[in-house]
Amino acid sequence: MICTFFFFQIFPLFHALGANGILIEYEDMFPYEGPLQLLRARHAYSPSEIKEILHQAKLHELEIIPLVQTFGHMEFVLKHEQFSHLREVELFPNALNPHKEESLALVDTMIKQVMELHRGIRWFHIGCDEVYYLGEGEMSKQWLQQEQNNMVKLCLTQMKAVASHVLIHHPNVKPIVWDDMLRGISEEYLTESGIAQLVEPMIWDYIEDMDVHGKVLLMDKYRKCGFPKLWVASAFKGATGVNQSLTIIGHHLKNNIQWLKVADSGPAEMLQGIVLTGWQRYDHFSVLCELLPVGIPSLAVCLQALKHGGYTDNVKKIVEKYLGMSNLEINNFMSESSGTFPGSDVFSLVTQVSFHLRHSVDELLERNRYVTGWFSSYHRKRKMIHPVMIQYIQPDAISLLTRWNAVIQELQAALERIFYPDAVEEWLEENTYPTIQKLQQLLQDLDAAIAAQS
Ligand SMILES: *[C@@H]1O[C@H](CO)[C@@H](O)[C@H](O)[C@H]1NC(C)=O
């Protein structure tokens with residue numbers, strides 16, 4: 001949903017801030033073709049755009065790891081009628097039915113197509129997190145009734161099948177999996193399953209006060225089970241609320257600092273790297289949360305904190321220099337300047353809208369004494385108004401609407417420079433229309449009441 005052009009602007013900053021790779025989950029933005037053509041979103045990248053993204057990443061020493069979901073979170077595939085027969089549970093499009101050969105053939109084809117455009121990669125992330133409702137499909141229920149079968153086996157069999165496929169066709173590419181489906185499995189079972197020889201787990205946790213000791217123990221457990229290497233994943237945005245529009249930098253900084261402590265006390269030789277995730281939606285069907293430009297100050301803070309081993313005043317100054325900001329607040333959203341980094345116009349306009357739009361309109365509609373006292377819903381419904389009140393209400397309402405329309409137009413133009421039209425429309429409709437409509441409705445009702453008087 002982000003135009004390739006914005007990536008080219010932002011890659012130099014990522015590199016300067018200390019990033020040396022990018023994990024990309026394309027989802028429906030990948031140019032799937034042939035039998036998978038229908039998976040493409042309307043504004044999916046073309047193969048040449050993908051090549052250009054990879055080329056630009058390479059120029060800035062950013063190693064790409066593609067991520068393709070192959071088990072859970074396959075909403076963008078299984079929502080299509082043509083693939084709905086491959087759902088684990090008939091009604092829900094999130095998880096793949098692991099019993100059907102066609103399911104494996106489907107993910108194999110997806111991986112093959114993504115691999116073809118990513119020659120020379122060292123890692124391939126096959127997802128496998130949050131496989132909700134696994135075991136609840138009819139075929140799984142029958143399979144689970146056999147004595148030697150259980151949920152853990154059901155899960156690991158699919159993961160191993162996909163990982164083996166990657167390794168057979170691409171012996172130099174190591175599959176990565178999210179670790180949440182593995183965490184609870186006993187040491188003995190994990191060891192015996194042979195999964196440790198096939199994948200590198202990526203332990204993820206995005207909460208502020210993450211339990212460091214628990215994570216060290218988990219890393220140690222994976223070591224004992226035979227995993228030679230693993231990854232960890234923090235978050236810099238998109239993990240504090242499904243409809244969050246502004247990034248709470250302090251939250252993400254603390255999360256990353258906790259991970260830093262884990263890295264300091266866990267088995268060091270195992271750790272391949274830390275991925276700072278920046279989610280734009282909780283899943284394929286949910287609303288947009290923080291947009292990438294809005295999360296960039298947080299990314300800068302988190303990356304630099306990891307690089308320097310903490311977030312001191314000195315590190316703060318370095319971050320401010322990179323972002324072109326005179327003062328970056330991490331615990332409230334009211335930084336004085338909006339910065340000069342790519343997308344900083346979006347950052348500052350989204351901040352304005354998220355902070356003041358609803359508040360200023362509510363102030364007029366719910367706390368202005370002329371509106372609440374002389375133009376209530378009772379009055380509005382009956383088109384009644386004391387003539388003098390028109391002068392007290394109408395000019396304020398018109399000036400508020402004019403002011404906000406100008407801001408929203410500016411924001412729309414800024415968004416259109418970075419995002420494809422569907423994302424721009426979605427964000428504005430979710431975050432500005434309801435409030436603007438309330439204001440417009442007030443003005444319409446006022447016009448109707450004025451008209452009724454003459
Ligand atoms: C997000 O949803 C909550 C209710 O769950 C609501 O109170 C809040 O205003 C919403 N935030 C935004 C930014 O729309």
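Just so you know, residue 1 is the first one in the sequence shown, and it goes up from there. For ligands, and for the atoms within them, numbers begin at 1 and follow the listed sequence. Because only heavy atoms are used, hydrogens play no part in the values below, and waters and symmetry mates are left out as well, while side chains stay in. Since this is a predicted model, take the numbers as computed values, not measurements.
Within the 4.0 Å cut-off (strictly below), a protein heavy atom is located near atom 11 (N) of ligand 1.
The protein heavy-atom contact nearest to atom 9 (O) of ligand 1 is Arg358 NH2, 3.1 Å. Of the protein's non-hydrogen atoms, the one nearest atom 6 (C) of ligand 1 is Asn243 ND2, 4.2 Å.
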Atom pairs and distances, donor-acceptor, side-chain atoms in residues 309-319, under 3.5 Å, two or more places apart:
residue	atom	partner	partner atom	Å
Thr312	OG1	Asn314	N	3.4
Thr312	OG1	Val315	N	3.2
Lys316	NZ	Glu320	OE2	2.7
Lys316	NZ	Asn327	OD1	2.9

Show me the donor-acceptor pairs within less than 3.5 Å that the side chains of residues 12-26 make with the rest of the protein, sequence neighbours left out.
residue	atom	partner	partner atom	Å
His15	ND1	His60	O	3.0
Tyr26	OH	His118	NE2	2.8

Legend entry - Residue pair Gln394, Asp447: steps toward the side chain to side chain contact (heavy atoms under 4.5 Å, CB included) verdict: CA-CA 9 Å; Gln394 203 180 32; Asp447 284 342; 3.5 Å; yes
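Under a 4.0 Å heavy-atom criterion, Gln244 is not in contact with ligand 1.
Note: Trp178 and His125 have tilted aromatic rings, judged against thresholds of 30 and 60 degrees for the angle between ring planes.
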